[in-house]
Undergrad: 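Would you mind keeping the following structure in view while I ask a few things?
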Number of protein chains: 2
Amino acid sequence: MKFMAMSTSQTKRPRGRPSAFDYEEALEKALLVFWSRGYEGASMAELTEAMGINRPSIYAAFGNKEELFSKALGRYMAGPVAYVAEAMREPTAKQVAEKFLTQSALFLTNESTPRGCMIAVGALFSGEGCERVQQELIAYRQGYENALRKRFELAKTQNDLKQDVNTHTLAKYIATLHQGMSVQAASGATKDELIAIVQLFLSNWP
Amino acid sequence: MKFMAMSTSQTKRPRGRPSAFDYEEALEKALLVFWSRGYEGASMAELTEAMGINRPSIYAAFGNKEELFSKALGRYMAGPVAYVAEAMREPTAKQVAEKFLTQSALFLTNESTPRGCMIAVGALFSGEGCERVQQELIAYRQGYENALRKRFELAKTQNDLKQDVNTHTLAKYIATLHQGMSVQAASGATKDELIAIVQLFLSNWP
DNA sequence: CAAATAATGTACCGATCGGTATCTATATAA
DNA sequence: TTATATAGATACCGATCGGTACATTATTTG
């Protein structure tokens, strides 16, 4: 494992030759390859090229392709899609939905990153040997859907949502809309088109 | 190209050795492999195995992997997803949407076929050399979205839909919902959960 | 029958796949 | 300086990728 500086205390440098690359920068490059190519479509050759590191150094620092993908997903969660967790902290249920979907519309069509969400539409149909990656992505999808549901359950206790609202279905509906928007973005839909979809949804808020 | 019997007139058999397999049956097997594995994830080895044909016979009868995929897509359109074109012929716009989405909920979670729609969520993120397949799938997605839009435009001329309805957005919204449901189905959602989503949408019909 | 034609089966092609053995270079510790 | 530890670079591994050459087999034509 490579050396990682502690944030709080000054640490002695490790004994061997120091790394010539920055761990987080390299992971960011890997993330962009996986994001645009998918897990299967990203070859180690392309990853190596993009990360600017020799292949044995990748394996030493990040593990195999599957582990590298997991670590890239972690960085994806903490970076590009951190807005999802933030949206949950909006004061009302409707504002949570509005923030989540509006930010998604912008994010999914951002011109400086690949179109579509890695988690929403990654590894849906895959070849043999991708089961772990598929399950990991399914768990992440469940994760934000559950976060929405719990937030809506909270809203019900605050009389922010009517008692007859089915939070399970509402959360799944919003997750479904987000996943569909991800397909639309990857298929060429514009930011304005996705915003129009979000507004149509919000105009019928329960 | 292999021999294909004419439907109307009795045709003389061709000169060489006759095919040992049925063209449409073999294509159906190929379709199921592409459907569950995706274009990239389906290897020629797995296709060969499933189709029960030697590899040179596949190439002779169907062309290369890309052409085989296109032909399988054609069979998919004429078979499993023929319900989409049928839904367009429902008498009212709301019934079109209801039929399309309800049938989709059943179709996407059908236990005898792979989960999710090949067209809706196929080849979203892919490696190099898949551009043609990606574009073909995008065109199919546009196809059913356009069919919905035109059907809703017709509904407006019949005073079946209010004049202030944006048919472009409504069609894209329904397509987006369908694509999201495809992700949900591939991620393990049940038929009842998808039906609940469809009903929530229909309860807010414009 | 033989000639012609077309599909099958085997065996193989070069390219690329993910992953690694090994040697060298650069650092710290004693 | 010498020993130790870790990273970089090269070159390679067996497996699999999509695709095909070629000989064989089965059929129709003459």
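Note on naming: letters A, B, ... go to the chains in the order of the sequence lines (proteins, then strands), and numbering restarts at 1 for each one.
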Undergrad: Cation over ring, A:K65 on A:Y39, under 6.0 Å and within 45°?
TA: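 Positive - A:K65 is close enough to the ring of A:Y39 and near enough to its axis.
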Undergrad: In whole Å, what is the span from the CD1 atom of A:I53 to the P atom of D:dG8?
TA: 7 Å
Undergrad: In whole angstrom, give the distance that lies between atom CD of A:E66 and atom P of C:dG19.
TA: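 The distance from CD of A:E66 to P of C:dG19 comes to 8 Å, rounded to the nearest Å.
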Undergrad: Round to the nearest Å and state the distance from A:E40 atom CD to C:dT16 atom C1'.
TA: 15 Å
Undergrad: Calculate the interatomic distance between A:R37 atom CZ and C:dC17 atom P; express it in whole Å.
TA: 11 Å
Undergrad: Between D:dG8 atom P and A:D22 atom CG, what is the distance in whole Å?
TA: 12 Å
Undergrad: Identify each donor-acceptor pair in which a side-chain atom of residues 122-132 of chain A lies under 3.5 Å from a protein atom, sequence neighbours left out, and give them as a table.
TA:
{"unit_1": "A:E131", "atom_1": "OE1", "unit_2": "A:G129", "atom_2": "N", "d": "3.2"}
{"unit_1": "A:E131", "atom_1": "OE2", "unit_2": "A:G129", "atom_2": "N", "d": "3.3"}

Undergrad: Rounded to the nearest angstrom, tell me the gap between atom OH in B:Y39 and atom P in D:dC17.
TA: 13 Å
Undergrad: Is a side-chain N or O of B:S36 found less than 3.5 angstrom from the main chain of B:V33, in a donor-acceptor match?
TA: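 Yes, because the side chain of B:S36 sits within donor-acceptor range (under 3.5 Å) of the backbone of B:V33.
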Undergrad: Determine the minimum heavy-atom distance between A:V183 and B:V121, stating which atoms define it.
TA: CG2-CG1, 3.9 Å
Undergrad: Any side-chain N or O of A:S43 under 4.0 Å from OP1/OP2 of C:dC17?
TA: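 Yes, such a contact exists.
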Undergrad: What's the CZ-P distance between A:R132 and C:dG18, to the nearest Å?
TA: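 Value for this atom pair: 17 Å.
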Undergrad: Would a distance-only check, ignoring hydrogens and angles, find a side-chain to backbone donor-acceptor pair under 3.5 Å from A:S182 to A:H178?
TA: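 Flag not set: sc A:S182 to bb A:H178 has no pair under 3.5 Å.
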Undergrad: So, is A:S57 close to the D:dA7 phosphate, meaning a side-chain N or O under 4.0 Å from OP1 or OP2?
TA: no
Undergrad: I'd like to compare against my own output: the B/S/- annotation of nucleotides 20-30 of chain C with a strict under-4.0 Å heavy-atom distance to protein.
TA: BB---BBBBS-
Undergrad: I need the CG-P distance between B:L68 and D:dC17, as an integer number of Å.
TA: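 Computing the B:L68:CG to D:dC17:P distance gives 15 Å.
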Undergrad: Among A:K156, A:R149, A:K150, find the residue that satisfies the side-chain hydrogen bond (donor to acceptor under 3.5 Å, both in side chains) test when tested with A:E153.
TA: A:R149
